[in-house]
There are 2 protein chains.
Amino acid sequence: MSVQKSKKAGPAKKVADKPAGKVAAAPLRKRGRPRAFEPEAALRNALDTFRETGFAATSLDDLSTAMGINRPSLYNTFGDKRELFLRAYQQYRQETGALFAPALDPKLTLRQMLEMVFATAINLYLSGENGPRGCFTVMTAASEAMSDPEIRALVQKAITGADRNLAERFRLAVKSGELSATADCAALAQAASATIQSIALRARAHVARTELEEMARNAIELIAGPARR
Amino acid sequence: MSVQKSKKAGPAKKVADKPAGKVAAAPLRKRGRPRAFEPEAALRNALDTFRETGFAATSLDDLSTAMGINRPSLYNTFGDKRELFLRAYQQYRQETGALFAPALDPKLTLRQMLEMVFATAINLYLSGENGPRGCFTVMTAASEAMSDPEIRALVQKAITGADRNLAERFRLAVKSGELSATADCAALAQAASATIQSIALRARAHVARTELEEMARNAIELIAGPARR
DNA sequence: GCCAATTTATGCGGAACGGTATAAAAATCA
DNA sequence: TGATTTTTATACCGTTCCGCATAAATTGGC
């Protein structure tokens with residue numbers, strides 16, 4: 001019974017075959033009763049819930065309430081709790097990727113880039129209705145990374161991806177002369193990454209925004225200050 | 001088993017308002033059946049368990065098994081799960097404080113200090129029978145900090161305490177001429193703290209020891225390198 | 001030896017957990 | 001309209017959870 005994955009080569013089999021743009025209403029209606037919720041919005045709500053209470057402490061009742069759908073619909077659409085967590089985390093990575101992208105615009109100066117990156121991080125990590133939520137990668141996903149290799153791989157990708165993106169931007173700064181040719185771009189990128197992660201941790205501990213901003217300023221001075229030129 | 005020396009000579013009738021020693025083995029036996037476990041060792045095992053699986057995912061059965069005592073004894077000695085967690089965290093802070101203390105010895109040079117601090121952190125965060133456990137403050141306690149003000153206060157104290165200890169050591173380096181008088185000690189201390197926290201995070205994500213060591217070397221160069229003199 | 005005090009051992013009880021069975025509802029297709 | 005397909009809604013199942021009640025075990029005091 002129940003859902004063997006018969007690949008009968010039928011089309012339209014895939015659930016969300018193609019996001020294909022941010023258009024919400026796909027005009028082609030499937031056969032049966034239409035769903036009464038938007039999967040993307042529901043996933044956003046699941047993400048918010050996981051961000052606040054973590055994986056283990058979030059029950060399926062919490063999730064189905066926050067997402068506005070019942071348990072069976074949840075299972076049909078997203079699979080079990082762990083699968084939902086994985087999809088929520090991927091959603092988070094996608095969202096934050098888009099959030100940080102403008103700061104990496106090559107047209108900005110190095111200092112402007114760092115200022116934007118840190119400001120974006122502070123705003124993101126301090127957001128939350130019930131207090132600052134920190135970073136999903138640093139706080140929530142990393143906790144599960146110990147027991148779950150798949151989550152661990154995603155966390156690793158998130159960390160090294162940030163390192164790489166920043167390092168690339170630093171290399172650009174060397175080319176443009178903003179940084180000395182002897183600057184160790186990978187090292188500077190890791191320092192910036194570590195600053196972001198520390199800001200996430202401190203935000204979760206309710207360190208005041210002004211202190212986080214000062215930490216960011218200090219890091220900019222250390223990383224891109226006169227000593228590096 | 002057990003058998004401590006009965007000091008039958010001294011009547012010691014009074015309920016001993018204050019023996020008040022920090023001596024571990026109090027020779028005076030209390031009235032009833034003696035406990036069959038050592039609270040300190042049990043707490044250590046509880047700490048290990050919490051470090052591996054976090055707060056919510058650790059059941060009282062897990063704890064009582066790991067600690068080698070039954071649930072009622074656990075409750076009588078340590079209170080409920082949350083109280084046990086708090087005590088385990090305090091135990092962790094005490095242990096790690098002692099672990100890092102030698103590195104802060106003022107007789108060491110600044111670079112030696114940083115090398116020892118980072119080496120200690122790497123060893124601590126990579127330890128664990130079931131894989132690297134990271135830092136209890138960064139991973140486990142910070143997760144609970146959102147919903148629990150008392151834990152949050154402890155996390156804050158751990159973070160700012162590390163900042164302060166390092167800053168003090170940097171100020172010493174300014175006095176000794178190892179650092180320029182214009183160095184921002186608080187900023188450098190936060191950078192070192194952030195590096196430690198990032199190492200903890202990366203350890204949990206199974207980043208290789210060699211990479212962590214390279215990150216430490218890079219951080220030392222950035223913080224105490226020629227540019228700061 | 002008997003009593004009081006304290007800890008250990010067993011196991012219960014109500015609640016919450018994750019996951020699913022089952023049937024009603026709402027759409028398309030014929 | 002009736003059959004088919006898909007989603008929704010309700011309610012349940014077995015397990016695990018936390019915390020505690022209860023009784024046996026082990027000590028010191030008299």
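In the text below, chain A, chain B and the rest are named by the order of the sequence lines, each starting its count at 1. The model shown is predicted, which means the values in this text are computed figures rather than measured ones.
- Every salt bridge (Lys or Arg N to Asp or Glu O under 4.0 Å) that Arg44(A) has, sequence neighbours left out, goes to Asp48(A), Glu95(A).
- Atom CZ of Arg35(A) is separated from atom C1' of dA9(D) by 16 Å (rounded to the nearest Å).
- We find the OG1-CZ distance between Thr53(B) and Arg133(B) to be 11.0 Å, quoted to the nearest 0.5 Å.
- If you check every strand for non-hydrogen atoms under 4.0 Å, Ser64(B) touches nothing.
- A heavy atom lying under 4.0 Å from DNA chain C marks the following residues of residues 70-79 of chain B, by number: Asn70(B), Pro72(B), Ser73(B), Asn76(B).
- Taking atom CG on Leu84(B) and atom P on dG19(D), their separation rounds to 11 Å, with Å as the unit.
- The side chain of Ser59(B) contributes an N or O atom lying less than 4.0 Å from OP1 or OP2 of dC17(D).
- Residues that satisfy the side-chain contact (heavy atoms from CB on, under 4.5 Å) test with Asp105(A), not counting sequence neighbours, are Lys107(A), Leu108(A).
- Protein atom CG of Asp61(B) is 15 Å distant from nucleotide atom C1' of dC17(C), rounded to whole Å.
- What separates CZ of Phe37(A) from P of dT6(D) is a distance of 15 Å, to the nearest Å.
- Applying the ring-ring contact (aromatic ring centres under 6.0 Å, His included) test to pairs two or more places apart or on separate chains, those with a residue in residues 120-141 of chain A are Phe85(A)-Phe136(A), Tyr89(A)-Phe136(A), Tyr92(A)-Phe136(A).
- The structure places CZ of Phe55(B) at 8.0 Å from CG of Asp148(B), a figure rounded to the nearest 0.5 Å.
- Comment: Arg82(A) does not engage Glu144(A) in a salt bridge, judged by the lack of any side-chain N to carboxylate O separation of less than 4.0 angstrom.
- In this structure, the side chains of His206(B) and Pro132(B) come closer than 4.5 Å at one or more pairs of heavy atoms.
- One can place CG of Asp80(B) at 5 Å from P of dG19(D), the figure rounded to the nearest angstrom.
- Here dC18(D) presents its C1' atom at 14 Å from CD of Glu83(B), a figure rounded to the nearest Å.
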Protein-nucleotides 23-29 of chain C N/O pairs under 3.5 Å:
| from | atom 1 | to | atom 2 | distance (Å) |
| --- | --- | --- | --- | --- |
| dA25(C) | O4' | Arg33(A) | NH1 | 3.4 |
| dA25(C) | N3 | Arg33(A) | NH1 | 3.2 |
| dA27(C) | O3' | Arg29(A) | NH2 | 3.4 |
| dT28(C) | O4' | Arg31(A) | O | 2.9 |
| dT28(C) | O2 | Arg31(A) | NE | 3.2 |
| dT28(C) | O2 | Arg31(A) | NH2 | 3.3 |
| dC29(C) | O4' | Arg31(A) | NE | 3.2 |
| dC29(C) | O4' | Arg31(A) | NH2 | 3.2 |

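- Contact between Ile159(A) and Ala205(B) at its shortest, heavy atoms only, is CD1-CB, 4.2 Å.
- Going from atom CG of Leu60(A) over to atom P of dC17(D) covers 16 Å, rounded to whole Å.
- Evaluation of the side-chain contact (heavy atoms from CB on, under 4.5 Å) rule for Glu83(B) yields Asp80(B) as partners, not counting sequence neighbours.
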